[in-house]
2 protein chains.
Amino acid sequence: MVDIIHRIGIKSPSTEVYKALSTINGLAHWWTEDVSGNEKIGGKIEFTFRTKAGDILGKMIMEVKELKPDTDVRWRCIEGPDEWVGTDITYQLSQQEDQTIIIFGHRNWREAVEFTAHCSMKWAVFLLSLREYVETGKGKPSPNDLKIDNWN
Amino acid sequence: MVDIIHRIGIKSPSTEVYKALSTINGLAHWWTEDVSGNEKIGGKIEFTFRTKAGDILGKMIMEVKELKPDTDVRWRCIEGPDEWVGTDITYQLSQQEDQTIIIFGHRNWREAVEFTAHCSMKWAVFLLSLREYVETGKGKPSPNDLKIDNWN
């Protein structure tokens with residue numbers, strides 16, 4: 001199995017970072033504006049990615065598998081791009097010095113394909129958006145996300 | 001073996017991107033200002049990372065293993081952080097629409113550790129610096145690189 005992993009530090013208490021990862025409102029401020037569903041354990045959250053004109057680029061549904069306040073969030077992708085279905089998204093938080101450190105994982109890809117490389121880069125950009133949102137109140141969720149290549 | 005892979009598009013001809021990856025002058029404009037050595041195949045390039053005050057944060061030596069104009073650059077890390085020694089850095093370029101697409105790889109890590117997650121995120125940030133340099137003439141090489149966590 002193949003994992004994308006990233007490490008980022010956010011200058012904010014872990015409670016604030018956790019809120020951005022575990023609530024519909026938080027998620028809408030850094031990943032995609034178009035998010036809805038049930039944010040509790042066992043709930044399903046639907047994320048839709050659009051162009052600025054409103055056309056749908058992609059959609060995925062995550063089932064919330066784990067929520068440990070201020071330390072862990074885990075989702076399983078149950079609908080979305082073929083390569084994503086069955087993969088897990090994990091966020092492990094810890095407070096270190098003046099930062100909340102996130103170990104991010106998009107885990108259990110069946111294989112490393114070109115789309116994996118795209119998603120790895122794109123996740124990095126969204127984690128920077130998450131940091132910006134938590135530190136300043138304003139992130140860059142889709143459709144205002146930074147485009148990284150000719151795919152998105 | 002564990003690989004970090006990223007995909008990024010740069011709005012510039014592949015010749016320009018290749019130059020930024022295969023010459024000492026190019027590398028100094030997006031990865032670290034402190035770079036020296038022999039950029040030819042079989043040559044060794046030394047990259048030093050410093051704080052803004054000039055203290056050394058890290059140093060690595062890459063042996064140039066492959067140079068195919070406008071398509072491939074490959075280095076082997078022969079000195080540096082323990083986890084890096086023996087790993088390979090690869091850049092595969094292709095022209096698609098108005099962009100040069102890079103498939104970047106930092107390949108053959110012995111295992112996925114927290115430092116791998118840090119490096120994955122940090123590589124993403126340096127690839128954005130590379131894009132900025134090629135597209136605008138000004139990147140963010142160390143020591144003016146974007147800090148991503150409490151490690152660097």
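What you see is a predicted model, and the numbers here were worked out from it, not measured in a lab. Lettering follows sequence order; numbering is per chain, from 1.
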Check whether [X] gets within reach of chain A through its side chain, its backbone, both or neither, counting any heavy atom under 4.5 Å.
X       : result
V125(B) : side chain
I101(B) : side chain
I103(B) : side chain

Are [X] and [Y] connected in the hydrophobic side-chain network, where two residues link if heavy atoms are under 4.5 Å apart?
X       : Y      : result
W109(B) : I78(B) : no
V64(B)  : V85(B) : no
L67(A)  : I61(A) : no

>> As an exercise: rank R131(A), K147(A), Q96(A) by heavy-atom pairs under 4.5 Å with chain B and give me the winner.
In response: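 Counting heavy-atom pairs under 4.5 Å, the top option is R131(A).
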
> Who wins among W123(A), W151(A), F104(A) for the most heavy-atom pairs under 4.5 Å with chain B?
Replying inline: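 Counting heavy-atom pairs under 4.5 Å, the top option is W151(A).
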
> For the side chain to side chain donor-acceptor pair (under 3.5 Å) test, which of R7(B), K11(B), Q99(B) pairs with N150(A)?
Replying inline: R7(B)

> Can you name the closest pair of heavy atoms from D149(A) and I8(B) and give their distance?
Replying inline: CB-C, 4.0 Å

> Does a sphere of radius 6.0 Å around CD in E66(B) hold more than 12 heavy atoms from other residues, nucleotides or ligands, not counting ones at 6.0 Å or beyond?
Replying inline: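 Check passes, neighbour count above 12.
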
> Is chain B contacted by the side chain of L146(A), its backbone, both, or neither, given a heavy-atom distance below 4.5 Å?
Replying inline: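 Just its side chain gets close to chain B.
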
>> Quick check for you: to the nearest 0.5 Å, what is the distance between C119(A) atom SG and H6(B) atom NE2?
In response: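 Result: 12.0 Å between the selected atoms.
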
>> Less than 4.5 Å apart, side chain to side chain, heavy atoms only: is that true for I5(A) and E114(B)?
In response: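 I5(A) vs E114(B): side chains apart.
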
